[in-house]
S.K.: 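What follows is a structure written as structure tokens; I'll ask about it next.
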Amino acid sequence: MAEAKALTPRATDFSAWYNELIARAQLADYSPVRGCMVIRPNGYAIWEQMQRALDQMFKDTGHQNAYFPLFIPQSFLSREAEHIEGFAPELAVVTHGGGKELEEPLVIRPTSETIIYSMYAKWIQSYRDLPVLINQWANVVRWEMRTRLFLRTTEFLWQEGHTAHATESEAEEETLRMLGVYRTFMEEWMAMPVVTGRKTDSERFAGALRTYSCEALMQDNKALQAGTSHNLGQNFSRAFEVTFQTASGDLDHVWNTSWGVSTRLVGALIMAHGDDAGLICPPRLAQYQVVIVPIYRSDEERATVLDTAERTRKELAAAGIRVHLDARDGMKPGAKYYEWEGRGVPMRLEIGPRDVASGTAVLARRTGGKKESLALAGLGPALVAAMEAMQREMLEGARARREANSLRGATKDQFLARLESGGGFIYAGFCGRGECEAEIKEQTKATIRVLPDAEFRSPQVPDTCMWCGGPSVTEAVWARAY
RNA sequence: CGGGGUGUGGCGCAGUCCGGUAGCGCGCCUGCUUUGGGAGCAGGAGGUCCCGGGUUCGAAUCCCGGCGCCCCGACCA
């Protein structure tokens, strides 16, 4: 019976473990429509926490939220040649409305560059109107062939920032600033270390000049692209005639950026931190940071224990902790432990008759270690400190795991061997030729995740291409990826 | 769209070969006893057996035709 209640172990079947965890923690469910998912309250709560943190970071960097429509005239997509080419196969198209066939089909946005820059064309006249710094929280639709809950679904939620600038260097600065914001969010909130860098042309966003991304390593040693930031150059401003008059009176096209992260981050969180007992949510993102489980036998015990538990709950809430008292009757404490562990709650407080008598509570950390008895007096600050420590340790642990699963300066043989023996990030020299990149992808299914930013580069960058032996122009990070 | 699998109470399955009118586990409801790591007992609710046709006295089961879903390959945050 115990077996039936446990998740498939991560080590046995990572993908089964992932799916079962989501079902068990009630994060999401499959929808009647193929490839779509229903985000259940427990899953949505995580997304809300992410939104809250990111939204504040966007505001702090000068951005405002706005909302653009779901429907885009089909002709808009084809204005930017590379863009339409990139998205054509995965578009959902509306051909009928109000019982009639539409004169022009409407595309359901796969992303909003076209509709947004068509509006910017109206709003921007002068360099005094720049920069325009707008973000929107929205759903988008991409008709994917193979889907997985959170990681790739036909419809997903995300934010997309779209900015317009007077110069290329300002646009580049913005692109990198937002990449940095993502990195900070992933490290500081998700406790998930990432490698940042530039994408190769083959992995570049359709219509962008340059694409940068944050790449995270999951516990099965596959890479996950967790966030992207694009310098769009003047590709869209030319297509949509977004022009402005410069201080010297010339007419110029604006320089655009766009950047986004999606509900995929929930999947990243699961795969970065989950264990065989379920999700492990870092304290800063947890809907409930602390759950109190009362323990009692008789009705009298129940009354006194619940009284103490409720007073403790109020105290912790007053200390700014997101706390929940699980007072459900007719459920054994052990069953509650398993349930909250599955949902990833960082801290559990057990309060029973013995604790009431001694003015203590038992603390269990989701990340493991011995249970600990803490005095009820001063519990708030103690838990805040414990959570800060957990947040830090989770990041450090994940970073250590990533480094342990990164191979630097790989030769071709080492590269091939590593892919077979577990994967992870593989750093090696790269000649920069698309032919090499494509051949590697075809033969090994490994792709260049990024050309890493300076701080992630190896101390000694290889001078030959790992694959063809030609001169290396840069170091690249390869991995098999989601 | 190719290759493989599978459709039976909410979920997971048995029953199909060899036709006889549907069962098990979990979950759910009620009651009592329980509660410091997934409770026990008793009673109970719940099923067009994917759909359509055919064979037969009789079809979850046999035959024909559809459809859905899952896994593997070509696309992708």
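None of the values given here were measured: they were computed from a predicted structure. Proteins come first, then strands; the chains are lettered A, B, ... in the order of their sequence lines, and each starts at number 1. Both backbone and side-chain heavy atoms feed into the values below; hydrogens, waters and symmetry mates do not.
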S.K.: More than 12 heavy atoms of other residues, nucleotides or ligands under 6.0 Å from NZ of K441(A): yes or no?
M.R.: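 No, because the 6.0 Å sphere around NZ of K441(A) holds 12 heavy atoms or fewer from other groups.
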
S.K.: Expressed as a whole number of angstroms, how long is the span from L149(A):CG to C70(B):P?
M.R.: 10 Å

S.K.: Rounded to whole angstroms, how far apart are CZ on R480(A) and P on G73(B)?
M.R.: 11 Å

S.K.: What integer number of Å spans the C1' atoms of A45(B) and G10(B)?
M.R.: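 It comes out at 13 Å once rounded to the nearest Å.
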
S.K.: Determine, for E160(A) against R109(A), whether the closest basic-nitrogen to carboxylate-oxygen distance falls under 4.0 angstrom.
M.R.: no

S.K.: Using the ring pair (Phe, Tyr, Trp, His ring centres under 6.0 Å) criterion, which residues pair with F76(A)? Sequence neighbours excluded.
M.R.: F240(A)

S.K.: If I pick the C1' atom on G47(B) and the same atom on G53(B), what distance separates them, to the nearest angstrom?
M.R.: 23 Å

S.K.: Which nucleotide, if any, forms a Watson-Crick or G-U wobble pair with U61(B), using both distances under 3.5 Å?
M.R.: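 WC or wobble partner does not exist here.
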
S.K.: Any strand is fair game: report the nucleotide pairing with C13(B) by Watson-Crick or G-U wobble, both distances under 3.5 Å, or none.
M.R.: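 Pair assignment: C13(B) / G23(B).
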
S.K.: Using atom C1' in both nucleotides, what's the gap between U61(B) and G15(B) to the nearest angstrom?
M.R.: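 Going atom to atom, C1' in each nucleotide, I get 9 Å.
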
S.K.: I'd like the C1' distance from U6(B) over to G46(B), given in whole Å.
M.R.: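 It works out to 24 Å between them.
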
S.K.: Could you state the atom-to-atom distance from CG of D29(A) to C1' of C11(B) in whole Å?
M.R.: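 Interatomic distance, CG of D29(A) to C1' of C11(B): 11 Å.
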
S.K.: Shorter than 3.5 Å, N or O on both sides, protein versus nucleotides 30-37 of chain B: list them out with atom names.
M.R.:
residue, atom, partner, partner atom, Å
U35(B), OP1, R297(A), NH1, 3.0
U35(B), O2', Y296(A), O, 2.9
G36(B), OP1, K332(A), NZ, 3.4
G36(B), O6, P353(A), N, 3.0
G36(B), O6, R354(A), N, 2.6
G36(B), N1, D355(A), OD2, 2.7
G36(B), N2, D355(A), OD2, 3.0
G37(B), N7, K371(A), NZ, 3.0
G37(B), O6, R348(A), NH2, 2.7
G37(B), N1, E341(A), OE2, 2.8
G37(B), N2, E341(A), OE1, 2.8
G37(B), N2, E341(A), OE2, 3.4

S.K.: With W478(A), which of F425(A), Y427(A), F430(A) fulfils ring-ring contact (aromatic ring centres under 6.0 Å, His included)?
M.R.: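 Testing each of F425(A), Y427(A), F430(A) against W478(A), the sole residue satisfying ring-ring contact (aromatic ring centres under 6.0 Å, His included) is F430(A).
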
S.K.: If the threshold is 4.0 Å, N to carboxylate O, is there a salt bridge linking R480(A) and E420(A)?
M.R.: yes

S.K.: Quote, to the nearest angstrom, the C1' distance that separates C71(B) from C57(B).
M.R.: 43 Å

S.K.: Kindly write out the residues that satisfy side chain to side chain donor-acceptor pair (under 3.5 Å) with Q56(A), not counting sequence neighbours, or none if the list is empty.
M.R.: D60(A)

S.K.: Does the structure show a Watson-Crick or G-U wobble partner for C41(B), both distances under 3.5 Å? Name it, or say none.
M.R.: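 C41(B) is paired with G31(B).
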
S.K.: Watson-Crick or G-U wobble partner for C18(B), using a 3.5 Å limit on both distances?
M.R.: none

S.K.: Mind calculating the distance between CG (D13(A)) and C1' (C71(B)) to the nearest angstrom?
M.R.: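 Distance check: D13(A) CG to C71(B) C1' gives 11 Å.
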
S.K.: Could you give the OH-to-P distance, from Y30(A) to G68(B), as a whole number of Å?
M.R.: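 It works out to 19 Å between those atoms.
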
S.K.: Using a strict 4.0 Å threshold on nitrogen-to-oxygen distance, state whether R433(A) and E437(A) make a salt bridge.
M.R.: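 So R433(A) does not pair with E437(A) through a salt bridge.
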
S.K.: Whether the side chain of T211(A) engages the backbone of F205(A) through a donor-acceptor N/O pair (distance < 3.5 Å, no angle test) should be reported.
M.R.: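 A pair under 3.5 Å: yes.
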
S.K.: Whole angstrom is fine here: how far is it from CG in N19(A) over to C1' in C71(B)?
M.R.: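 The answer, rounded to whole Å, is 12 Å.
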
S.K.: Select base, sugar-phosphate, or nothing to describe what F156(A) touches, counting heavy atoms under 4.0 Å on all strands.
M.R.: base

S.K.: For atom P, what is the distance between C11(B) and U16(B), given to the nearest Å?
M.R.: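 Their P atoms lie roughly 23 Å apart.
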
S.K.: In whole Å, I'd like the distance from the CG atom of D276(A) to the C1' atom of G38(B).
M.R.: 16 Å

S.K.: Mind checking if Q225(A) touches a base, just sugar-phosphate, or nothing, with heavy atoms under 4.0 Å?
M.R.: sugar-phosphate

S.K.: When you match E339(A) and K445(A) each to their closest nucleotide on RNA chain B, which lands nearer the 5' end?
M.R.: E339(A)

S.K.: If you round to the nearest 0.5 Å, how far is CD of E188(A) from CG of L285(A)?
M.R.: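 CD of E188(A) is found 11.5 Å from CG of L285(A).
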
S.K.: Would you indicate what T147(A) reaches in the nucleic acid, counting non-hydrogen atoms under 4.0 angstrom: base, sugar-phosphate, or nothing?
M.R.: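 Nothing, no heavy atom under 4.0 Å.
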
S.K.: If I pick the P atom on G27(B) and the same atom on C41(B), what distance separates them, to the nearest angstrom?
M.R.: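 C41(B) and G27(B) have their P atoms separated by 12 Å.
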
S.K.: Distance between the P atoms of G5(B) and G20(B), in whole angstroms?
M.R.: 26 Å

S.K.: Looking at U6(B), which nucleotide sits across from it as a Watson-Crick or G-U wobble partner, both distances under 3.5 angstrom, or is there none?
M.R.: G68(B)

S.K.: Atom CG of L151(A) to atom P of C75(B): distance rounded to whole Å?
M.R.: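 Taking CG of L151(A) and P of C75(B), I get 19 Å after rounding.
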
